[in-house]
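Before any comments, here is the structure.
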2 protein chains.
Amino acid sequence: MNPQILEQPSTRELEVFLQAHLGKKKFVQIAGTCEVVYVGRAASLTEAGDYVVMVKADGSIQVHGAKGVKPINWQPRTDDVRVARDEDDRLMLLAERFKPNELVQVTFRKVSMAFSLELRDEKMFQLHGSEAQMHEALAQNPDTIEPGLRVLERELLVGVGGIDLYAMDNLGRYVIVEVKRAKATQEAVHQLERYVNAVREQVPGEVRGILAAPSISNPARVVLEKLGLEFCELNALPEEKKPEPQMALF
Amino acid sequence: MNPQILEQPSTRELEVFLQAHLGKKKFVQIAGTCEVVYVGRAASLTEAGDYVVMVKADGSIQVHGAKGVKPINWQPRTDDVRVARDEDDRLMLLAERFKPNELVQVTFRKVSMAFSLELRDEKMFQLHGSEAQMHEALAQNPDTIEPGLRVLERELLVGVGGIDLYAMDNLGRYVIVEVKRAKATQEAVHQLERYVNAVREQVPGEVRGILAAPSISNPARVVLEKLGLEFCELNALPEEKKPEPQMALF
DNA sequence: CGTTTAATCTCGACT
DNA sequence: AGTCGAGGTTAAACG
């Protein structure tokens, strides 16, 4: 990874360092006291404080404060990252994006350390338990939702969005299933409602709507029942196996 | 900020370093080759690769890869952060949360640098142009939406959620206004639709629904018109002033 | 505490 | 390129 580290650099040292390492597909980080300004989709500014500024190889930049996962300021993908001096000769880091037009500007007052390193691109990443995987599991085991259910389509597009599971019950009624990986909210109920209404306009006969989720909020259940829709509690999916963190990985 | 830096530490050195600095309300960061496992609301694992691990004073932890603003793995708030050894005597960083039960486990193979520093808590942060500020601006200048509009309520709670602006037009008809700070999508249209429907059930007479946003996507406009709802293009709010980034801040 | 919603959401997928 | 929807969303506001 070949790290290069600066401690308590002068403004000039930091300037040379950043010009040498920015835009070189490197991971660059600066910790120090600075001000941050963002102008773009909104606008924000921070009083001078201690922050950690991170610039990744793809040009994304994030300014982290003392707390929280979310950065104080950030820019997901920049078209230009450069250093400049302000009118008081302080060093600034400018991260600009053209579309939409956005600018993050970090002005350094005192830098306690800076470093750069080569960060090889990440390797394979596996995620289990996503909503897409739940769809697949349920499509293959529709009995989990209701005995006798037959899946006709997955991700069926009606005008108003995509139906997670389009099925038929053992009485020949169409069944719309909306799947949520976490506790279902009112929003999920209304999403299901829209799908059911859209299908009812297109096919004759009774159309059922089932919201399948591990749990449901109380207000959501009230709305659900008022709309004549159904809830299916998903306990644990059959093929789900959580990896043991202590074991060898590969 | 008093940074302490380790370069190419041995496993033992790193272990001592982490035990000394974790849980001390410090900002701790480790860069190196490692594996990451997450088990909790879902499950994920990464092949061994180069990552930067960040532990903040509030116990939040994030593992950053070479690209993107989003961490590869993270934990917003931890109840316990500790170091341990695995069966191969490699050092592990364990970040656990109890409710919901989640665990992020980082196993270090080779660490190129580690450092800690005191990061004073962030100072004041100002954001301009949020949706809440747009609500306020529109509530004070309802003519921006439509001449003669009178605002009755802000953030009125109907059973189904919160109405941004509840108003009456100059013909005495109730008007529901849904505000979006960015381009409006189908989702915003449906949100407005259910507010309008909820109000229509509760009051007699005509109820209009207006979606106020700087722009609207084509599919959203189609749905909007099919539902008999209206769109109001917000150009620029009167009191909005974007700060000049190059100017002195305070 | 649970519930809801904004977010400079980010990010990927699909049309 | 535009639109849409998931996300281990996070985080704040509100009842």
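Lettering follows sequence order; numbering is per chain, from 1.
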On DNA chain C, nearest-nucleotide positions of B:A182 versus B:D164: which is more 5'?
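With B:A182 and B:D164 compared, the 5'-side residue is B:D164.
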
Specify the residue among B:E131 and A:P76 whose closest nucleotide of DNA chain C lies further upstream toward the 5′ end.
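Closer to the 5' end of DNA chain C: B:E131.
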
On a plain distance test, is the side chain of B:Q75 in donor-acceptor contact with the base of D:dG8 below 3.5 Å?
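Pair found.
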
Look at the side chain of [X] and decide which nucleotide, out of [options], has an atom nearest to it.
X: B:K99; options: D:dA6, C:dT8, C:dG2; value: C:dG2
X: B:R194; options: C:dA6, C:dT5, D:dT10; value: C:dT5
X: A:K70; options: D:dA11, D:dC4, C:dT3; value: D:dA11
X: A:V69; options: C:dA6, D:dG8, D:dA11; value: D:dA11
X: B:F125; options: C:dT8, C:dA7, C:dT10; value: C:dT8
X: A:E178; options: D:dA6, D:dT10, C:dA6; value: D:dA6
X: B:E187; options: C:dA7, D:dT9, D:dG5; value: D:dG5
X: A:K183; options: D:dC4, C:dG2, C:dT8; value: C:dG2

Check this one for me: any side-chain N or O of [X] less than 4.0 Å away from OP1 or OP2 of [N]?
X: B:R181; N: C:dC9; answer: yes
X: B:Y195; N: C:dT5; answer: yes
X: B:S130; N: C:dT8; answer: no
X: A:T185; N: C:dT5; answer: no
X: A:R41; N: C:dC9; answer: yes
X: B:W74; N: D:dG8; answer: no

Gap in Å between the two P atoms, one belonging to D:dC4 and one to D:dG8, rounded:
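Looking at atom P only, D:dC4 and D:dG8 are 22 Å apart.
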
Using the C1' atom on both, measure D:dC14 against C:dT8 and round to a whole Å.
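The answer is 24 Å between these two C1' atoms.
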
Want to settle it: does A:L127 or B:A184 sit nearer the 5' end of DNA chain D, counting the closest nucleotide to each?
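The residue mapped nearer the 5' terminus is B:A184.
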
Check whether the side chains of [X] and [Y] place a donor and an acceptor atom closer than 3.5 Å, and report yes or no.
X: B:N73; Y: B:T46; value: no
X: A:T107; Y: A:D86; value: no
X: A:E178; Y: A:Y195; value: no
X: B:E187; Y: B:H190; value: no
X: A:Q29; Y: B:Q29; value: yes

Give me the atom names and distance for the closest heavy-atom approach of B:S44 to A:L127.
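Scanning both residues, the minimum pair turns out to be CB-CD1, 3.9 Å.
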
Find the distance [X]:[atom1] to [N]:[atom2] and express it as a whole number of Å.
X: A:Q186; N: C:dA6; atom1: CD; atom2: P; result: 13 Å
X: B:L45; N: D:dG8; atom1: CG; atom2: C1'; result: 14 Å
X: B:Q62; N: D:dG7; atom1: CD; atom2: C1'; result: 16 Å
X: B:Q133; N: C:dA7; atom1: CD; atom2: P; result: 10 Å
X: A:H135; N: C:dA13; atom1: NE2; atom2: C1'; result: 14 Å
X: B:M54; N: D:dT10; atom1: CE; atom2: P; result: 16 Å
X: B:E155; N: D:dA13; atom1: CD; atom2: C1'; result: 10 Å
X: A:H64; N: D:dA11; atom1: NE2; atom2: P; result: 11 Å

Going by the angle between their ring planes, with limits at 30° and 60°, are B:H64 and A:H64 parallel, tilted or perpendicular?
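Correct class here is perpendicular.
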
Look at all strands and tell whether [X] reaches a base, only sugar-phosphate, or nothing, counting heavy atoms closer than 4.0 Å.
X: B:N73; value: base
X: B:Q191; value: sugar-phosphate
X: B:K180; value: sugar-phosphate
X: B:E102; value: base

